[in-house]
Structure formats: C-alpha cells, structure tokens
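Below is one structure, written out as structure tokens; the observations come after it.
Residues: numbered from 1 along the sequence shown. The figures that follow rest on heavy atoms only: side chains count, while hydrogens, waters and symmetry mates do not.
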Amino acid sequence: MELVGKTVTKKQRPVNLDLRTIRQPVAAISSILHRVSGVITLFALAILLWLLSESLSSEQGFNTVMDIMDGFFVGFILWGVLTALAYHIVGGIRHLIMDLGYCEEIESGALSAKVAFGVTIVLSLLAGVLVW
C-alpha cells in the first residue's frame with residue numbers, strides 16, 4: 001500500500017490468545033488472585049451485612065439466620081470467604097511491603113508470593129477449625 005510515496009507495511013507479530021498456554025510467573029498469579037479475592041470479599045461483605053441486619057431485626061430473624069448458617073454448604077462458603085479475606089489481607093501486606101521498596105526483584109517477588117500462599121494456607125486451616 002502506498003501513501004504519497006511512502007510504503008506502509010503491517011508488522012507480523014505473533015499473537016497468542018490461548019490463555020491455557022501462557023505461563024504466568026508466581027508473582028503475577030499472586031497479584032491476580034489478590035484482586036480476585038478482593039472482589040469475592042466485597043460481595044461476601046454485602047451478604048454478611050444483610051445476614052447481620054436480619055439477625056438483629058427480631059428473634060424470628062435471628063432464628064432464620066441461625067437456620068441458614070447451620071448447613072454444611074453455608075459453612076463451606078463461609079470458610080471460602082474467610083480464606084479469600086485472609087489471602088486479600090496477606091496479599092495487601094505483601095503489596096505494602098513492595099511499595100516500601102522491598103521484594104521488588106524477580107526472585108524476592110516470587111519468594112514473597114510463595115510466602116503469601118503459605119501463610120494463607122495456614123490461616124485457611126485455622127478458619128476451617130473456626131467454622132467447623
């Protein structure tokens with residue numbers, strides 16, 4: 001294609017849109033999961049505040065909430081919400097430490113992400129003991 005004496009060529013860049021074949025570093029996965037856990041926590045907070053409001057409205061509302069909370073499935077969801085909250089807090093602390101100028105290199109960033117995963121596993125187990 002010519003435009004006023006200049007040749008315009010289209011660059012042929014490789015395009016990989018298959019997300020299953022892209023290998024993300026552990027620090028990137030940690031950062032993405034931090035955002036996902038924040039969204040989960042936001043929606044869970046809305047539901048938990050509704051349950052609190054319902055339980056404080058009357059004795060019948062309290063009994064309704066207690067009936068809802070007694071099920072295994074609800075306990076499992078509550079455990080998941082507590083795990084997401086724990087990961088979001090741990091990931092937030094990790095990001096604050098990085099904002100202070102520490103753990104910014106590739107190796108230390110990967111190590112801090114692995115530590116965040118480990119701490120979250122421990123907190124998740126403690127949350128499981130709390131819920132059940």
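The hydrophobic clustering, which links ILVMFWY residues whose side-chain heavy atoms are closer than 4.5 Å, places Val131 and Phe72 together. No continuous path of ILVMFWY side-chain contacts below 4.5 Å connects Leu48 to Leu123, so the two sit in separate hydrophobic clusters. Grouping the Ile, Leu, Val, Met, Phe, Trp and Tyr side chains by contacts below 4.5 angstrom, directly or via other members, places Leu82 with Met69. Under the 4.5 Å side-chain heavy-atom criterion for ILVMFWY residues, a single connected hydrophobic cluster contains both Ile77 and Ile47. Transitive grouping of hydrophobic side chains (ILVMFWY, heavy atoms separated by less than 4.5 Å) brings Val65 and Val81 into a common cluster.
Between Ala27 and Gly109, the shortest heavy-atom contact is CB-O, 4.1 Å.
Taking CG of Leu56 as the reference point, atom CG of Leu52 lies at 4.5 Å (rounded to 0.5 Å). Between the OG atom of Ser37 and the CG atom of Leu85 there is a distance of 8.5 Å, given to the nearest 0.5 Å. Atom CG of Leu130 and atom CG of Leu125 lie 12.5 Å apart (nearest 0.5 Å). Here the CG atom belonging to Leu78 is positioned 9.5 Å from the CG atom belonging to Leu51, to the nearest 0.5 angstrom. Between the CE atom in Met66 and the CZ atom in Phe62 there is a gap of 5.0 Å [rounded to 0.5 Å].
No donor-acceptor pair under 3.5 Å is formed between the side chain of Ser53 and the backbone N or O of Leu49.
For the side chain to side chain donor-acceptor pair (under 3.5 Å) condition, the pairs that include at least one residue of residues 103-123, sequence neighbours left out, are Arg94-Ser112, Glu105-Ser108. Listed by first and then second residue, the ring-ring contact (aromatic ring centres under 6.0 Å, His included) pairs involving residues 26-46 are His34-His88, His34-His95 (not counting sequence neighbours). Among pairs with a residue in residues 103-124, those fulfilling ring-ring contact (aromatic ring centres under 6.0 Å, His included) read Tyr87-Phe117, at least two apart in sequence or across chains.
Scored by the side chain to side chain donor-acceptor pair (under 3.5 Å) test, Ser31 finds Arg35 as partners (sequence neighbours excluded). Not a single side chain to side chain donor-acceptor pair (under 3.5 Å) links Ser58 to another residue, sequence neighbours left out. Partners of Phe76 under the ring-ring contact (aromatic ring centres under 6.0 Å, His included) rule, at least two apart in sequence or in another chain, are Trp79.
Counted within 6.0 Å of CG on Leu96, heavy atoms from surrounding residues, nucleotides or ligands total more than 12; the atom is thus considered enclosed.
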